[in-house]
There are 2 protein chains.
Amino acid sequence: MIAQATNSSEGLAQKLSDSGLRATPQRELVYRSLLQQRDHPTAEEVFARVKTEMPTISLATVYNCLETLVQCRLIRQVNHERSSTRYCPNLRPHAHFHDEQTGEIHDVDLPAPFLDQLKSMLPTNFHASAVEITFLGKSEKNS
Amino acid sequence: MIAQATNSSEGLAQKLSDSGLRATPQRELVYRSLLQQRDHPTAEEVFARVKTEMPTISLATVYNCLETLVQCRLIRQVNHERSSTRYCPNLRPHAHFHDEQTGEIHDVDLPAPFLDQLKSMLPTNFHASAVEITFLGKSEKNS
DNA sequence: TCCAAGTTTAGAACAATTCCAATTCGCATC
DNA sequence: GATGCGAATTGGAATTGTTCTAAACTTGGA
Ligand SMILES: [Mn+2]
Ligand SMILES: [Mn+2]
Ligand SMILES: [Zn+2]
Ligand SMILES: [Zn+2]
């Protein structure tokens, strides 16, 4: 059986070394914290979370690690208006739903054919390499 | 014949006074400059453009005017990643295509039914009031 | 064991935006 | 046509999220 990306720290060392980078304790911890609590935290929130486990880590390092993970395509940035960048370890193609009441961000999986349809809608002189879709609205608590 | 929104400064005074606000020279100028050059300028760019016509205007006022126009729904903010907010006077529902080479932003009109389809794709506990769609890619110069 | 390159760190710097307090503007009333 | 008053503008200070810098630390391999 071919190992699928298991969303655990295994893929981390691999993808990092693919880019000629090291799997440091800080990078592993930052990545693990994102997988553990998939609520699209900001850098400051990640900092607060990892500090409990590694009290000496610095905010600059958290920013560095996050940027590294983004570059290795292990995580993605999520931006909304001008507020702090948030981070998402969900690598499937998906949209983001911003709950305007709570500020929470939820992942919304979208069928791949739909995204293709969307790209095909562009004028012929536009060639899209990526599409970002963001919903704004309110979500009912699910009981 | 019923006057349609004519994208000229006429609608401005109306929509402003609807919100209990005045149509000041600064607000009119900022709005006119956005209509004149529809390239999604930043606040600083708007500032540079209007200064040629009103050398005494301040950057703070440009920010104030832009915010006011957004609140009156005469223009819209366009954000990408964490770069400066840009402003768009196109009120039709449309997506934005970011040319990664040039940094230019182009409006892409999308069929309304498509946007409805998109919203209908959400889980039933999500109620979207707005959708934002951003394409990234390159565009060929049209001759 | 030692080295060079990679990484982390604290704090300074930066850039976009917002805030603030003082002045100016402009409609309404006298 | 002056006066009053809230709205709007202004320059500069403050804020905030992020990046930069330079020094210290770590590590895999010669
Ligand atoms: Mn990015
Ligand atoms: Mn807005
Ligand atoms: Zn996500
Ligand atoms: Zn636009």
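Just so we're on the same page: letters track the sequence lines, and every chain starts at 1.
- Side-chain contact check for B:N125 and A:S139: no donor-acceptor pair (N or O, by modelled atom type) lies under 3.5 Å.
- The residue A:S83 sits apart from the nucleic acid: no heavy atom pair falls under 4.0 Å.
- Phosphate proximity of D:dT16 to A:S84: absent, as no side-chain N or O sits under 4.0 Å from OP1 or OP2.
- The phosphate of D:dA8 (OP1 or OP2) has a side-chain N or O of B:R27 nearer than 4.0 angstrom.
- With hydrogens and angles left out, the side-chain atoms of A:H96 and A:D107 include a donor and acceptor closer than 3.5 Å.
- No contact: B:E44 has no heavy atom under 4.0 Å from any strand.
- Residue A:T42 is out of contact with every strand shown, counting any heavy-atom pair closer than 4.0 Å.
- For the residue pair B:H127/A:E140, the side-chain donor-acceptor check at 3.5 Å is satisfied.
- Sequence neighbours left out, not one pair with a member in residues 41-76 of chain A passes ring pair (Phe, Tyr, Trp, His ring centres under 6.0 Å).
- Near-neighbour residues of DNA chain D inside residues 53-65 of chain B, defined by a heavy atom below 4.0 Å, number-ordered: B:T56, B:I57, B:S58, B:A60, B:T61, B:N64.
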Could you go over nucleotides 23-30 of chain D and give all protein N or O partners under 3.5 Å, atom names and distances?
from	atom 1	to	atom 2	distance (Å)
D:dT27	O4'	A:R22	NH1	3.3

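- Distances shorter than 4.0 Å separate none of the side-chain N or O atoms of B:Q26 from OP1 or OP2 on C:dC25.
- Regarding contacts with the backbone of C:dC25, every side-chain N or O of B:T24 stays at 4.0 angstrom or more from both OP1 and OP2.
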